[in-house]
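Here is the structure we will look at, set down as structure tokens.
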Amino acid sequence: MTTIRVEEIANYTGQEVTLRGWVYNRTDKGKLVFLLVRDGSGFVQCVAFKGDLPEALFEQIMRLPQESSVIITGPVREDKRAPGIPGGYEIGVRDLQIVQAAAEDYPMALKEHGPDFALDHRHLWIRMPSQWAILRVRATVIAAIREWFDTHGFINMDTPILTPAACEGTTTLFETEYFDEGKAYLTQSGQLYNEANIMAFGKVYCFGPTFRAEKSKTRRHLTEFWMVEPEIAFCDLDQLMEIEEQFVTHIVQRVLRDRGPELRSLGRDLSKLERIAPPFPRISYDEAAKKLQELYEAETDPEKKELLKFEWGIDFGSPHETALTNLYEQPLFVYGYPTQVKAFYMEPWPGRPEVCKSVDLLAPEGYGEIIGGSERMSSYDLLLQRIHEHGLPEEAFKWYLDLRKYGSVPHSGFGMGVERTVAWLCGIEHIREAIPYPRTIKRVYP
RNA sequence: UCCUCGCUAGCUCAAUCGGCAGAGCGGGCGGCUGUUAACCGCUAGGUUCGAGGUUCAAGUCCUCGGCGAGGAGCCA
């Protein structure tokens with residue numbers, strides 16, 4: 001007897017198979033019972049007829065509690081009526097073995113739940129089709145990220161999670177005692193280490209969890225999130241944008257190829273993802289500022305108008321990003337931000353010191369910034385000056401300054417937030433559903 | 001840190017001007033051979049977030065506190 005996975009059920013039409021999984025839902029119709037069974041790879045309907053089975057077994061099936069674990073044997077049939085993911089196939093129950101009859105007080109009803117209740121039961125919530133689908137997409141996004149870098153000459157370099165100091169000085173850090181060495185901090189970026197790594201390996205990326213103790217309380221923020229950060233030697237800002245659009249397009253295509261049923265089950269409009277292709281539009285901060293001014297003047301709703309208020313020199317807020325990206329169907333590059341709103345290590349624009357060679361990639365449909373990147377400063381003297389200007393301890397950056405002493409080259413890199421990317425691809429409201437166990441300012445359980 | 005909103009059955013939510021605490025889902029019992037979060041009948045289920053206060057009477061009004069959500073700022 002072949003034990004199959006639901007995602008490959010189409011290959012077994014007409015065959016007798018074994019399926020191991022959990023009863024997601026049960027609908028009994030008297031002499032007929034429908035079990036919606038999930039096995040981790042999908043959801044499939046299993047149908048039991050009273051006449052086909054021993055009476056005691058049918059009786060058990062009719063009373064099987066939700067989430068009971070079972071091993072089912074029977075023939076695979078194609079049937080358009082059958083629900084499931086991918087759906088369209090069902091298994092006729094010829095035999096069913098109960099591994100465990102679940103307790104009858106399973107708390108997750110098959111309906112909408114409030115966020116607090118759902119998050120308190122995250123360990124069970126992930127069994128539901130929407131959460132299952134999102135996390136399957138996440139796994140594919142991660143695979144696509146590694147696949148692209150690994151096949152484009154990048155070397156994976158894991159940067160430390162425990163770090164001695166702030167990489168960017170501004171953001172709040174999680175702090176911990178570190179033996180006799182004083183304080184250590186959870187990383188908020190591996191970038192500075194990657195700048196060292198490229199001088200040894202040329203092109204590198206790090207990929208891991210990142211921690212920000214910001215008291216951000218929005219649908220776009222987590223205190224623990226995953227970020228992939230490539231860094232490339234001999235690379236300027238224009239080349240960086242080309243890499244970013246190739247990279248993002250690859251992720252979108254891989255997800256469309258491998259996770260269509262999951263995206264459809266989430267109600268995602270796939271046509272909006274299918275049209276993602278290079279080149280992405282590129283506008284300067286100056287052009288963006290002009291467009292925002294026009295949008296501000298055109299806005300009639302006084303509340304929205306207030307949120308769109310903008311003047312040259314400030315960073316974009318979320319309403320600004322949304323308004324800008326709504327003008328485009330592709331992800332949008334905005335480059336050349338004011339130096340004062342960006343980190344200390346960014347290369348100044350030639351002839352315009354008030355602007356730096358930075359670029360953000362804003363996702364369409366109001367999902368906002370998914371990538372932040374820049375060409376890094378290559379001059380020792382200017383970097384030292386910036387470290388002083390930002391009030392950073394020179395001693396802590398001694399090794400970083402060394403990189404500008406021994407074979408400095410123009411180089412660039414970026415960081416992409418995995419959860420924001422997953423939220424965009426899935427079309428979901430809140431980033432907390434894009435990671436298995438979200439950590440927010442108000443939650444570290446479960 | 002600031003602004004806004006919310007907290008009633010296991011869950012999602014009602015409860016008019018301050019006047020008997022309600023429904024659907026989930027649970028239990030029964031019915032039904034094609035259900036799609038099935039449907040139909042019956043049934044059990046309540047410290048209305050907490051502490052004070054006003055009132056003949058408080059889920060509802062007032063004060064303080066707690067918890068949560070959305071947004072701003074900051075960021076990926």
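Chain A is the first sequence line, chain B the second, and so forth, proteins listed ahead of strands; every chain is numbered from 1.
Here G10(B) is the nucleotide among U33(B), A72(B), G10(B) with the atom lying nearest to any side-chain atom of Phe117(A). The listed nucleotides are G70(B), C32(B), A76(B); the one nearest the side chain of Met227(A) is A76(B). Of the candidates G34(B), C11(B), G71(B), the closest approach to any side-chain atom of His113(A) belongs to C11(B). With distances taken from any side-chain atom of His430(A) to the nucleotides G70(B), U1(B), G34(B), the minimum falls on G70(B). Residue Pro319(A) has its side chain nearest to A72(B) when only A72(B), G30(B), A69(B) are considered. Ranking G73(B), G34(B), A76(B) by closeness to the Thr218(A) side chain, first place goes to G73(B). Closest to the side chain of Lys217(A), out of A69(B), A76(B), U33(B), is A69(B). Here the nucleotide nearest the side chain of Lys442(A), chosen from A69(B), A72(B), U35(B), is A69(B). The side chain of Asn25(A) has A37(B) as its nearest neighbour among G28(B), A37(B), C74(B).
Nucleotides G26(B) and C39(B), compared at atom P, are 7 Å apart to the nearest Å. Here, G73(B) and C11(B) have their P atoms 35 Å apart, quoted to the whole Å. G18(B) and C61(B) are spaced 8 Å apart, taking the C1' atom of each and rounding to whole Å. Across the C1' atoms, G45(B) and U33(B) are found 33 Å apart, a figure rounded to whole Å. Using C1' as the reference atom, A23(B) and A14(B) are 7 Å apart when rounded to the nearest Å. Look at the P atom in both U47(B) and G59(B): the space between them is 14 Å, to the nearest Å. Taking atom C1' on both G10(B) and C2(B), the two are 36 Å apart, rounded to the nearest angstrom. A distance of about 24 Å separates the C1' atoms of G52(B) and C5(B), rounded to the whole Å.
In this entry the distance linking CG of Leu35(A) with C1' of U33(B) reads 15 Å, nearest Å. Taking atom CZ of residue Arg122(A) and atom P of nucleotide G68(B), one finds them 18 Å apart after rounding to whole Å. Protein atom CE of Met128(A) is 11 Å distant from nucleotide atom C1' of C11(B), rounded to whole Å. Rounded to an integer number of Å, the gap from NZ of Lys29(A) to P of C40(B) is 12 Å. Taking atom CD1 of Ile145(A) as the reference point, atom C1' of A76(B) lies 12 Å away to the nearest angstrom. For the pair Trp226(A) CH2 and C75(B) P, the computed distance is 24 Å after rounding to whole Å. Rounding to whole angstrom units, CG of residue Leu173(A) and P of C75(B) are separated by 13 Å. Following rounding to the nearest Å, Arg63(A) (CZ) and G27(B) (C1') show an atom-to-atom distance of 13 Å.
Using modelled atom types, no side-chain atom of His390(A) and backbone atom of Leu392(A) make a donor-acceptor pair closer than 3.5 Å. Remark: the backbone N or O of Ala277(A) is not paired with any side-chain donor or acceptor of Thr249(A) at under 3.5 angstrom.
Residue His121(A) has no polar side-chain atom (N or O) positioned under 4.0 Å from OP1 or OP2 of C11(B). Neither OP1 nor OP2 of C25(B) sits under 4.0 Å from any side-chain N or O of Lys111(A). Applying the 4.0 Å criterion to OP1 and OP2 of A72(B), one finds that Arg220(A) has a side-chain N or O inside that range.
If you check every strand for non-hydrogen atoms under 4.0 Å, Arg443(A) touches nothing. In this structure, Arg432(A) reaches the sugar-phosphate backbone alone: every heavy-atom distance under 4.0 Å involves primed, P, OP1 or OP2 atoms, never a base. Nucleic acid contact for Leu36(A): none, since no nucleic acid atom lies under 4.0 Å from a heavy atom of the residue. Backbone-only contact: Gly114(A) has heavy atoms under 4.0 Å from sugar-phosphate atoms and none from a base. When heavy atoms are screened at a 4.0 angstrom cut-off, Ser318(A) is found touching the sugar-phosphate backbone but no base atom. Among the atoms of the strands shown, base atoms are found under 4.0 Å from some heavy atom of Glu90(A). Base contact: Gln45(A) has a heavy atom under 4.0 Å from a base atom.
In this structure, C17(B) shows a glycosidic angle within 90 degrees of zero, which is the syn conformation.
Classified by interplanar angle (parallel below 30°, tilted 30° to 60°, perpendicular above 60°), the ring pair Phe344(A)/Tyr400(A) is perpendicular. Using a 30° and 60° split on the angle between ring planes, Phe211(A) and Phe174(A) fall in the perpendicular class, above 60°. Ring planes of Phe154(A) and Trp148(A): tilted class, angle from 30 to 60°. Using cut-offs of 30° and 60° for the angle between ring planes, the His320(A) and Phe310(A) rings count as perpendicular.
No cation-pi contact links Lys357(A) to Tyr335(A), judged by a cut-off of 6.0 Å to the six-membered ring centre and 45° from its axis.
Residue ring and nucleobase are stacked for Phe225(A) and A76(B), with a centre distance beneath 5.5 angstrom and an angle between planes beneath 30°.
Judged as a side chain to side chain contact (heavy atoms under 4.5 Å, CB included), and not counting sequence neighbours, the contacts of Val47(A) are Leu32(A), Phe34(A), Gln45(A), Phe49(A), Arg77(A), Glu90(A).
Residue pairs satisfying the salt bridge (Lys or Arg N to Asp or Glu O under 4.0 Å) criterion with at least one member in residues 412-421 of chain A, sequence neighbours excluded, are listed as follows: Arg138(A)-Glu419(A).
The base of C75(B) is paired with the side chain of Arg420(A) by a donor and an acceptor separated by under 3.5 Å. Taking only distance into account, the side chain of Ser216(A) never meets the base of C75(B) through a donor-acceptor pair shorter than 3.5 Å. Judged by distance alone, with hydrogens and angles left aside, Asp315(A) brings no side-chain donor or acceptor close enough to the base of C74(B) to form a pair under 3.5 Å.
When each of Ile61(A), Leu57(A), Val70(A) is tested with Val93(A) by the rule side chain to side chain contact (heavy atoms under 4.5 Å, CB included), just one qualifies, namely Ile61(A).
Base pairing in RNA chain B gives the following stems of 3 or more Watson-Crick or G-U pairs, range against range and under 3.5 Å: B:1-7 with B:66-72, B:10-13 with B:22-25, B:27-31 with B:39-43, B:49-53 with B:61-65.
Of all non-hydrogen atoms in Ile85(A) and Pro129(A), the two that sit nearest each other are CD1-CB, 4.1 Å.
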